[in-house]
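First comes the structure, then the notes that go with it.
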Amino acid sequence: MEYPFMNIEKKWQDIWQEKRIFNPEDKSEKQKYYVLSMFPYPSGALHMGHVSNYSIGDAISRLKLMQGYNVMQPMGYDAFGLPAENFAIKHHSHPRITTEENIRIMQKQFNSIGLGFDWEREISTCRPNYYKWGQWFFKKMYEKGLAYKKSSFVNWCDDCQTVLANEQVEDGTCWRCDSVVRQKELEQWFFKITDYAEELLDFSKVIDWPERVKTMQTNWIGKSFGTNIHFKLENSDEILKVFTTRPDTIFGCTFMAIPPEHPLVIKWLKEEANSEMQKFCDKVMNEDKISRTAEDATKEGIFSGRFAINPVNGKKVQIWITNYVLMDYGTGAVMAVPAHDQRDFEFAKKYDIPMIIVIQNPEKTLELDEMEMAYVKPGILVNSAQFDDIDSVASKKVISDWMKENDMGEQTITYRLRDWGVSRQRYWGNPIPVIYCEDCGTVLVPDEELPILLPENVQIGKTTKNPLLSVDNWVNVLCPKCNKPARRETDTMDTFVDSSWYFARYTDAHNEKKPFDEEIADYWLPVDQYIGGIEHACMHLLYARFFHKFMRDIKLVKSDEPFARLLTQGMVTKDGAKMSKSKGNIIDPQYIIDRYGSDTLRVFMLFASPPEKDVEWSDEGVKGAFRFLNRIWRIFEENLYFIKSNMNNSTSESIASNMKKLRFSTHYTIKKVVEDSDKKMQFNTAIAQIMEHLNNIYAIKDFEKLNYHEKYIYAESCTILPKLLYIFAPHVSEELWKMLGNNELVHETGLPKFNPDFLKKDEINYVVQIMGKVRGQFDISVNASQEEIKKIALNIPNVQKYIEGKEIKKIIVVHRKLVSIVAK
RNA sequence: GCGAAAGUGGCGGAAUUGGUAGACGCGCUGGACUUAGAAUCCAGUGGGAGUUAUCCUGUAGGGGUUCAAAUCCCCUCUUUCGCACCA
């Protein structure tokens, strides 16, 4: 007989809801614990990845609930964005309608899993009461000079008809649709995340984040120390600034390399018609990003006919327009030192540009005509005037200091991180609260007019242009300042803006006066445990940190970081590949829940592997989890009366050794499960320990014959099960707890405590090693002296066999573990 | 190419202040129950030798440190992830 999970799960879900155990008060004497799993896009169906993610969050929050914390675990929907718009186009509907419909469907699924979410705090980013505050934040950004508009080359996806942030371009293709991203010049809104670059590199305020994520963000921000060197243009007062991390190679500079996008190039082309140069520039700029930045892309260039003057020695160097220099890094210009930079080397070889060796290899003297690649390692300076013979590493500072003194340049820091482009040319997003007036320029929409509602009557999918442009009565407004006809901004915000502050909105989800109340937010924030996929390392997690620091600076929050602890969970795979529709390897969680119940699915997910690793789906594994819950159920079903009547009759009778072992197992299991779940979040080993304990219980057969004390020990070994299992399988645990006659809910009585006395052993098992190989073992009283232990070890017949005729050089006794004999 | 992490039975995974490798689960084998199956229970299960006792071998491969190495050090290989003309 299978245990009746169907009745049990629904019943307890209703009771939890009725007793409001997941609806914490905002002000409480209890210490708070805020558990958050990344909210889903409302696709209309929960998939295994969600279940795996939320099982982890729920296990943590149930544990914290038992430990007496005031636990908040909210949930909502990341509802704006392109997929919703495309979904609506496909179904000939409106994204608002399809999204709300999808949310209703997902809500039902959420309910059937019995996750401890506080639904009273639910948010959906596409609802006006939420996106109003996104617009408000945009205004604040603008007022603080952190939101600005500029024309720039942006990543453009033709398929999605919109701009992509750098983070959303993967290998030159769109992260959503995989089509090739090209560069397009557009007027765009940006958030000045670079103002916070330095602080974002500082992880000292987070409590526990995976090193991997910190490294990824650090690399993404890409701080590098270098020098800006000023090259004068020949016959001109203009200065070409270059950024270099190798000022030690300045005397080896033989040409300058700049990209076609460089302002100087644009100016030159305006000044004089040069068809060859124009042709080259057009060609490079029209190339898509993937081929332009491909690993094997050939370096190309054209001589501009102009020269720059090397400030350190007055030498004339040619200025080349090239395809391998990036406009948006450093100063967008490179001093090329072909002898000591591989890229410049290849370019110089191809166009026959001279090279000068300025760093000598101390191990093997470099000869120009023998060089097959650039020498990029440190060495001794040569051909560098007064700096000759200095070590190249040390010379960096010497040379840049000297240049600063002589106004040739200055030390500087450059970041790879760019400002965050937030404009999207799509309908289903948060409108940017800006109005353009011919007289007043860029005007912010007044607070009392927020939220700017998205118009309903949009013909999405019918136009290749920004859909909002087609809604005349929405676009055309009166200027808030001068009341003359003006036009709305028709771009909407990147959905990552919506998800950059949602964790704070949950603390006060229904506030109509402000994004959230500062005091309430201060009680809950930061999030104690955040759980989500690693794929957000350089996007969502970086943006959210930036936003949080911004919110701190405008006095909305007090903490420095949004997420104190971060757990990046693995994905659910089947046959080694991520579950996806296109691969056809999807298992519907609802099907599993209907067949085995939510508790089984959770136990399977948490047991299959540690949370940060991928979970390989296994039908047999699910059955195994189900079997485990059934085994627990059966113990209670068959022996309920015995357990109940022996729960409280502890006596002082002496007990048999197998019962001592069972008592040890009981208390060790409490210790191990709590430790593994709480600090390490290794639920797989915690569950394994419960399984092992269950095996130990099953090993006791004729318990009717036990004495009272032993019966009590048996009963105790069973009664801890529902309490520990509650972390992973809460429904069945509540039911068993109730069967034992308890009227309180499981978490209300707290975690069981182990008695350290019962973990002490009378005897210790020692292993005997001879030259590192195990040759015997013995049990001995914990009180035995070193001498006794050695003596017994040496007397084991099998040990005798190996030491016979040999000289014992040393005997090492490892406390409570082993005896190691060195014999030759 | 650079950087990071990892590599343990047929499978998922345990064990790293160095101290009995393979916990727990899946699968498999044998047995009990059953007319039979399912379910359940019991026993076994890294490879090899042996009737047992026990022995040899074994944590990607090679070398080293140590009484003792999955764990520490060096080299090589493989996989995964991130970055990738960033000056």
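In what follows, every chain begins at residue 1, and chains take the letters A, B, ... in the order their sequences are listed. These numbers were taken from a predicted model, which means no experiment stands behind them.
The side chain of A/Val814 lies closest to B/G19, out of B/G19, B/A14, B/C41. With distances taken from any side-chain atom of A/Lys613 to the nucleotides B/G13, B/A87, B/U20, the minimum falls on B/G13. Here the side chain of A/Asn695 is nearest to one of B/C56, B/A68, B/C24, namely B/C24. Distance from the side chain of A/Ala608 is smallest to B/G12 among B/U54, B/G12, B/C83. Closest contact between the side chain of A/Asn798 and the listed nucleotides B/G25, B/U40, B/U54 involves B/U54. In the set B/G19, B/U40, B/A87, the nucleotide with an atom closest to the side chain of A/Tyr329 is B/A87. Considering only side-chain atoms of A/Glu692, the nucleotide from B/C41, B/G19, B/C24 that sits closest is B/C24. Closest approach to the A/Gln682 side chain among B/A15, B/G19, B/A87 is made by B/A15 (side chain taken as heavy atoms from C-beta onward). Comparing B/A87, B/G25, B/G19 by their closest approach to the side chain of A/Phe607 singles out B/G25. Here the side chain of A/Arg627 is nearest to one of B/A14, B/U40, B/G19, namely B/U40.
A/Glu535 places its CD atom 12 Å from the C1' atom of B/C81, with the value rounded to the nearest Å. In this structure, A/Asp676 atom CG and B/U16 atom P are separated by 10 Å, rounded to whole Å. If you measure from atom CZ of A/Arg416 to atom P of B/C83, you get 8 Å, rounded to the nearest angstrom. Atom CE of A/Met605 and atom C1' of B/C26 are 16 Å apart (whole Å). Protein atom CZ of A/Arg631 is 11 Å distant from nucleotide atom P of B/C24, rounded to whole Å. Computed from coordinates, the A/Leu326 CG to B/A84 P distance equals 10 Å when rounded to whole Å. Remark: C1' of B/C26 and OH of A/Tyr596 are 13 Å apart, rounded to the nearest angstrom. Whole-Å rounding puts the A/Leu694 CG to B/C24 P distance at 12 Å.
Contact check, A/Arg775 against B/C56: a side-chain N or O comes under 4.0 Å of OP1 or OP2. Contact annotation: A/Arg212 does not reach the phosphate of B/A6 (side-chain N/O to OP1 or OP2, under 4.0 Å). Taking 4.0 angstrom as the limit, A/Asn765 places none of its side-chain polar atoms (N or O) nearer than this to OP1 or OP2 of B/U20. Listed pair A/Arg634 / B/C41 meets the phosphate criterion, a side-chain N or O lying under 4.0 Å from OP1 or OP2. For B/U54, the OP1/OP2 oxygens have no side-chain nitrogen or oxygen of A/Lys801 closer than 4.0 Å.
Backbone-only engagement by A/Lys773 is indicated by non-hydrogen atom pairs under 4.0 Å involving sugar-phosphate atoms exclusively. No contact: A/Tyr766 has no heavy atom under 4.0 Å from any strand. If you check every strand for non-hydrogen atoms under 4.0 Å, A/Thr215 touches nothing. Residue A/Asn219 is out of contact with every strand shown, counting any heavy-atom pair closer than 4.0 Å.
For B/G25, its base never sits under 3.5 Å from the side chain of A/Glu620 at any donor and acceptor pair. In terms of polar N and O atoms assigned as donor or acceptor, the side chain of A/Lys299 comes within less than 3.5 Å of the base of B/C85 in a complementary pairing.
Counting heavy atoms from C-beta outward, A/Val813 and A/Tyr766 have side chains that approach closer than 4.5 Å.
Atom OH of A/Tyr668 has 12 or fewer neighbouring heavy atoms from other residues, nucleotides or ligands inside a 6.0 Å radius.
A cation-pi arrangement is present between A/Lys761 and A/Phe664 under the rule of less than 6.0 angstrom and at most 45 degrees off the ring axis. Because its NZ or CZ atom is both nearer than 6.0 Å to the ring centre of A/Tyr698 and within 45° of the ring axis, A/Arg631 counts as a cation-pi partner of that residue. With a 6.0 Å cutoff to the six-membered ring centre and a 45° limit on the axis angle, A/Lys299 counts as a cation-pi contact of A/Tyr324. In this structure, A/Arg418 is not positioned above the aromatic face of A/Trp220 in the sense of NZ or CZ being under 6.0 Å from the six-membered ring centre and within 45° of the axis.
When every heavy atom of A/Ser224 is checked against every heavy atom of A/Tyr329, the shortest pair comes out as OG-OH, 2.9 Å. Shown here for A/Val376 and A/Arg246, the closest heavy-atom pair between the two residues is O-NH1, 3.5 Å.
Spacing between B/A23 and B/A14 at atom C1', rounded to whole Å, works out to 5 Å. Straight-line distance between the C1' atoms of B/U40 and B/U34: roughly 11 Å, to the nearest whole Å. For the P atoms, the distance from B/G22 to B/G44 is 14 Å, rounded to whole Å. A distance of about 38 Å separates the P atoms of B/U45 and B/C81, rounded to the whole Å. Only the C1' atoms considered, B/U79 is 33 Å distant from B/U29, to the nearest whole Å. For B/U65 and B/U71, the C1' atoms lie 14 Å apart once the distance is rounded to whole Å. B/G46 and B/U59 are spaced 16 Å apart, taking the P atom of each and rounding to whole Å. Only the P atoms considered, B/U17 is 14 Å distant from B/A6, to the nearest whole Å.
Against the 90° criterion about 0, the sugar-base torsion of B/G9 places it in the syn range.
Comparing A/Thr685 and A/Ile821, the nucleotide of RNA chain B nearest to each residue sits closer to the 5' end for A/Thr685. Sequence order on RNA chain B of the closest nucleotides to A/Ala625 and A/Tyr698 puts A/Ala625 first from the 5' end.
Residue A/Pro610 is tested with A/Asp676, A/Asn684, A/Val615 for a side-chain contact (heavy atoms from CB on, under 4.5 Å); the sole match is A/Asn684.
A perpendicular orientation is assigned to the rings of A/Phe626 and A/Tyr596, their planes being inclined by more than 60° (bins at 30° and 60°).
For the 3.5 Å distance criterion, the side chains of A/Asn765 and A/Gln777 qualify, holding a donor opposite an acceptor.
A stem is defined here as three or more consecutive Watson-Crick or G-U pairs, each with both distances under 3.5 Å; for RNA chain B these stems are B:1-7 with B:77-83, B:10-12 with B:24-26, B:27-32 with B:40-45, B:46-49 with B:54-57, B:60-64 with B:72-76.
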